[in-house]
Amino acid sequence: MALSWFYHGDPKGNDSAAVKAYDAGVREGAFGLLLNSVVWPMSNFIVFACMACTAIISLVSVNKYITEGIQHAIGENRAIKIASLITYSIPFSITADLTADTGGGQGLAIGVLNLAIVIPQSAHT
C-alpha cells in the first residue's frame with residue numbers, strides 16, 4: 001500500500017481499474033530500471049574510453065618532452081617564471097594563513113579563491 005501512490009493504483013484494489021493501473025505502473029518502473037541498467041554501464045564505458053584517450057595523449061606528450069625537458073613550457077624568460085610562481089603560490093598561501101584560525105576550514109576559502117581565478121579566465125577565453 002505504501003507504493004500505491006507511486007504506481008498510480010492499488011494492488012489489492014476493489015475494482016479492476018486500480019489493479020490494472022498498479023500493474024502498468026510496475027511494468028513502467030521495471031522498464032525504467034532496465035533502461036537504467038543499460039545506460040549506466042554504457043556511460044561508464046564512455047568515461048573509460050575518454051580517460052584512456054587522455055592517458056594515451058599524455059603518454060605521447062610526455063615521451064615527446066623527455067629528451068627536450070618540459071622547462072620550455074613556462075619559458076626561458078625569468079620574469080615569466082617569477083610571475084608564475086607569484087600567481088600560483090602566494091594567493092593560496094595567504095588564504096591558507098588567514099583562514100587557519102577562523103574555524104571555517106581552509107578548503108572552502110581556497111575553493112572560493114580558485115573559483116574567483118578560474119571563472120574570469122574561462123569568461124576571457
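Just the heavy atoms: all of them, side chains too, but no hydrogens, waters or symmetry mates, feed the values below.
- The CG atom of Leu113 sits 11.0 Å away from atom CG of Leu98, with the distance rounded to the nearest 0.5 Å.
- Taken to the nearest 0.5 Å, the CD1 atom of Ile110 stands 12.5 Å off from the CG atom of Leu115.
- Taking SG of Cys50 as the start and CZ of Phe45 as the end, the distance is 13.5 Å to the nearest 0.5 Å.
- With sequence neighbours left out, the side chain to side chain contact (heavy atoms under 4.5 Å, CB included) criterion links Phe31 to Leu34, Leu35.
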